[in-house]
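Below: one structure, written as structure tokens.
What you see is a predicted model, and the numbers here were worked out from it, not measured in a lab.
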Amino acid sequence: MAANLKLQDERAARPLNNDKSYDLSIMHLPNLPKSLVYGVIAFTSVACYLNSLDYDLVHDDIFAIKENMDIRSEAPLANIFSNDFWGKPMWSNTSHKSYRPLCVLTFRMNFAIHGLKPFGYHAVNVVLHGLVCLLYTYMCNVVAFKSSALAFIAGILFATHPVHTEAVTGVVGRADVMACLLFLLAFLAFVRSEQSKGCSQIMCTITCVVLGAMAMLVKEHGITVFGVCFVYDCMVVNKNLTWSKLPYCNNSPSFSLTLLTSRAIRERAVSVGKEATTLKHVLIRIIVLSVAVFCLMAFRVWMLGGNLPYFTVQDNPASFSDSLSTRIMTYFYLIAFNSWLLLSPSVLSYDWQMGSIPLVESLIDSRNLATLVFVMVAALLFYSAVLSNKTPSRDQDVLVLSLAMLGIPFLPASNLFFRVGFVVAERILYIPSMGFCMLVVCGFNKLASVLVANGKVAMKDRCTEVRMNLLHKVLLSGVFVLIGLFCWKTVVRNRVWSNREALFRSGIETLPHNAKAHYNFANFLKDAGRAKEAIYHYETALRLAPNHVSAHNNLGTLLENDQEAMQHFSEAIKNDPYHANSYFNLGTRLTSLKRLSEAETVLKEAIRLNPRYLDAVLNVAGVLSDQEKFDEAEEFYKKALTLEPRNGDAHNNYAVFLGKIGRTKRALENYNKALQLNPNHTVTLVNMARQLRADGKIQDAEIAYKRALSIRRDPSTLQLLGVLYYHNQQLKEAELAWKESLELEPTNTETRSNYAILLGQTNRLHQAVGVMKGLVLDDPQNPGNYKTLAGMYAQNRQWNEALQVIASALRRHVNNAELYYFQGNFYKDLNKMQEAKKSYTKAVQLDPQLFSAHLNLGVIFHLEGNRAEARLHYEIAAKLDPGNTILKENLAKLQRLERKNKQ
């Protein structure tokens, strides 16, 4: 009897797949050599992304790499650990709160080696993806399937899945790829701890915790590896662990005593002791993982700086819905939608925000059927993995691990626990797709096993056997056809990420109702100088999403009509009172309209919202300077230099201000400081040349202009150099400078006008008149062109032609006082004093402050003997320019005449 009570020990940490249920011989494939498996996986994972190596940095790469100062060697390394993924301080209200210092560190290493050349960034991503694929295949082999062939299929599916293109080809996707690598390493370390004892077990557990923490510091959802470890420990490795009970009997006391003293009870006690030890180890591991998760979560909350990330309704419309039912239905539909992207990645987009997926607001919405199907499938899989008694134990283990790897890493992106800043993000699916690929292999294997079972039943039927063999071949062919389609789709999808235009154009082609896609494409067009197209797509974005703050702001910057532009800035501020850029742009437009007091208020509000907004600080300083609030202006310039002491623009702007208030020595010091920081800062060189010219240092100014031109042959710089030569009577040099300027920019009106004046001064009046006629035709709204042309005719004593030009100008500019003054001058030169008097009278009526018109009127009245009118205009002129010598002489003559008449 005692012998019948003997129990067999169970290993507490048994590996998966001790049976043959996952032998791929049922699919007519042998167990493949490891070198072949890993070689093909490595080659395929890299080959699918080779065409991405020469692509540009696009979309989020611009902000995370090109514009992120933290990756540059001149920035303190410590900034990586205090700033977010985009280079903003974690405590800032504008921070995205994405804390990924280890990923940023790899960008910094890239930058240290090859700067901003895209090849290296893409190459690292592709290599990391290859490593992940190899490690994933290894995990599938040693932990899940115990079959190199099944692991190979899972690995090749993962390596080629098109949904990974955003994570691998988009450089910022490195966070997901690298987090996945650390995720797998942490999980494998945990598996090793299950199979180890003593110090080795402790070291493996510590390694798991360290690698999991690193995964979180690469991408936030890397911490979910601990959830997968917990599920694996409790529901796979130790699922049969129970507290054993001592045997009991229904017989006599003597029989019970016999049992209690038998060998069986001793063996049972040993078994109970082993289970107790195993349970102790399980509890220790659970406690260690729980403490690690708690500490990491506490650290992450502390890094938020007391502020949650700020998202708008455009980022995640469902989370802002007032209806609980709408939020729930939409959230679950989005989970189903993400599952469909894994199952059928036929339609992919770099952005799914803003109307791409409308809210599910009604129970009769047909999309609820998709959600229902998803829930039913998920429930069936969960039942098969956990509750079913019919599913083989090994199958259940793999299903549990697959579902854990699929579901747990996706939970942070599900909106079920907290709001996220996106609707759907394909790169978020990189880690969950590991579980998906395992599920697909489970499904194929299950189908194959059913075919084998049916084939064995019908072994005597030759026709049935042939059909079964054919079905096997069809199934296997289907697997590899799917892999081939995935490879093709991945290579084609990569091309979308080749440059900004290709990416953004693909967005509006795939999702034409997506306002964000039109907005992003408009941004590209704006940067490319294609303003009209950009305006169209900004307006389309606003038609689809009238409250799109950034679209209002950016559209306003392109509009020439000031009122329309300011209306869009105001709409942006109305929809987002914290949008500092809109305040800045509104203030800039008010400055251009000389509404300086309003501009000052608006720009200061931009600084209040973003105290480190350097451009706003500099613009406020400029506005204060224009209002002659010099002390306050200087404080803002100094604040700008405090914010960014190594910013060449800040030193240049401060130098311009110092020159304006007469502190030329300090101005030149700041110009030189700006050039020390950036020797190729042409704006600084040009401004310094202007200052040197104003100080009479003509040769030094010429050197500065030429140095700027050695960096870039800018037409405006050539124009200024020509002016320098002209005023220094170096007319040949001036002519050469202006000719080159016109070759570079033939339509520049200021250069053409100056060149015409030079031609006139060098007695080439015919050429000068030709140039000015062209200017008048090209820019008929500029009265200065008419005056210059009329002056050239007058210089050639062609008075009638001069008067005709002025008359033509007055038909367009009826209220221009200076044109009437010029007309009066020509009449005066023709000795037509009455006509001259009418013209001067009209001039002073339009502009009572016009000194020369009053003086000339005084002269005409003086000559006519109308001394009262003459004195009146002389006295007005004296108030305007009391030191004028001619006026003083004329007044003296008038006074002598008056005294003589009195005598």
query: Can you name the closest pair of heavy atoms from Ala186 and Gly212 and give their distance?
result: CB-N, 3.7 Å

message: Parallel, tilted or perpendicular: which one describes the rings of Tyr138 and Tyr38, with boundaries at 30° and 60°?
response: tilted

task: Examine Phe119 together with Tyr55 and report whether their ring centres are nearer than 6.0 Å.
output: no

query: Do Thr44 and Cys487 come within less than 4.5 Å of each other through their side chains, counting heavy atoms only?
result: yes

statement: dist Met376:CE -> Thr371:OG1 (nearest 0.5 Å) comes out at 12.5 Å

- line: CZ (Phe183) and CE (Met216) are apart, to the nearest 0.5 Å, by 14.5 Å

message: Atom OH of residue position Tyr121 - does it have more than 12 heavy atoms of other residues, nucleotides or ligands inside 6.0 Å?
response: yes

field: Point-to-point distance, once rounded to the nearest 0.5 Å, from CD1 of Ile202 to OG1 of Thr207
entry: 11.5 Å

field: Non-hydrogen atoms of Arg367 and Ile357 that approach each other most closely
entry: NH1-CG2, 4.0 Å

Donor-acceptor contact below 3.5 Å, side chain Asn338 vs main chain Leu334: yes

- prompt: With a 6.0 Å cut-off on ring centres, are Trp340 and Phe374 close enough?
  reply: no

message: In the structure I gave you, are the side-chain heavy atoms of Leu348 and Leu341 within less than 4.5 Å of one another anywhere?
response: yes

message: Would you say that Phe230 contacts Ile408 through its side chain, given a criterion of any heavy-atom pair below 4.5 Å between the two side chains?
response: no

- prompt: How about Arg174 and Phe107: do any of their side-chain heavy atoms sit closer than 4.5 Å?
  reply: yes

- prompt: Does Lys489 reach the main-chain N or O of Ser346 with its side chain, forming a donor-acceptor pair under 3.5 Å?
  reply: yes

message: Main chain of Lys219, side chain of Asp176: is a donor-acceptor contact present, judged purely on distance under 3.5 Å?
response: no

statement: Test ring pair (Phe, Tyr, Trp, His ring centres under 6.0 Å), reference Tyr430, set His161, His164, His221, output is His164

query: Once you round to the nearest 0.5 Å, how far does OG1 of Thr106 lie from CZ of Arg100?
result: 12.0 Å

- request: State, to 0.1 Å, how close Gly130 and Ser45 come at their nearest heavy-atom pair, and which atoms those are.
  value: CA-OG, 3.4 Å

message: Taking atom CZ as the centre, does Phe332 end up with more than 12 heavy-atom neighbours from other residues, nucleotides or ligands that are less than 6.0 angstrom away?
response: no

Salt-bridge present (Lys146, Asp397; N to O < 4.0 Å): no

query: Hey, are the side chains of Val288 and Val209 touching, using non-hydrogen atoms and a 4.5 Å cut-off?
result: yes

Reported CG-to-CG distance for the pair Leu283 and Asp233, which is rounded to 0.5 angstrom: 9.5 Å

query: Can you check ring-ring contact (aromatic ring centres under 6.0 Å, His included) on Tyr232 and Phe187, steps first, answer last?
result: CA-CA 9 Å; Tyr232 175 76; Phe187 178 69; 5.3 Å; yes

- prompt: Under the 3.5 angstrom rule, does the side chain of Tyr99 hit a backbone N or O of Met303 as a donor-acceptor pair?
  reply: no

task: May I have the step-by-step check of side-chain contact (heavy atoms from CB on, under 4.5 Å) for Val126 and Ser52, ending in yes or no?
output: CA-CA 9 Å; Val126 173; Ser52 72; 4.0 Å; yes

message: Let's go through Ser402 and Phe436 carefully: what are the C-alpha distance in whole Å and the side-chain angles of both, what is the deciding distance for side-chain contact (heavy atoms from CB on, under 4.5 Å) to 0.1 Å, and is it a yes or a no?
response: CA-CA 7 Å; Ser402 302; Phe436 169 79; over 6 Å; no

- request: Give a yes or no answer on whether the side chain of Gln201 reaches the backbone of Gln195 with a donor-acceptor pair at less than 3.5 Å.
  value: no

query: Picking from Val496, Val492, Asn494, what satisfies side-chain contact (heavy atoms from CB on, under 4.5 Å) with Thr165?
result: Asn494

- request: State, yes or no, whether a side-chain contact exists between Ile483 and Phe480 at a heavy-atom distance under 4.5 Å.
  value: yes

- prompt: What are the two closest non-hydrogen atoms of Cys208 and Phe190, and how far apart are they?
  reply: SG-CB, 3.7 Å

Validation row: Leu296, Phe226 side chains within 4.5 angstrom (heavy atoms): yes

task: Taking all non-hydrogen atoms of both residues into account, name the closest pair between Leu342 and Ser433 and its distance.
output: CD2-CB, 3.7 Å

task: Could you tell me whether the side chain of Thr224 reaches within less than 4.5 Å of the side chain of Leu411, counting heavy atoms only?
output: no

message: Walk me through whether Leu36 and Val40 qualify under side-chain contact (heavy atoms from CB on, under 4.5 Å).
response: CA-CA 6 Å; Leu36 177 62; Val40 172; 3.8 Å; yes

- request: Determine whether more than 12 heavy atoms belonging to other residues, nucleotides or ligands lie under 6.0 Å from atom CZ of Arg300.
  value: yes

Euclidean distance, Leu184 CG relative to Leu135 CG, rounded to 0.5 Å: 5.0 Å

task: Would you please test Phe85 and Val172 for side-chain contact (heavy atoms from CB on, under 4.5 Å) and show each step?
output: CA-CA 9 Å; Phe85 188 57; Val172 294; 4.1 Å; yes

- prompt: Which pair of non-hydrogen atoms, one from Leu399 and one from Ala385, has the smallest distance, and what is that distance?
  reply: CB-CB, 3.6 Å

Presence of salt bridge, Glu166 and Arg493, under 4.0 angstrom: no

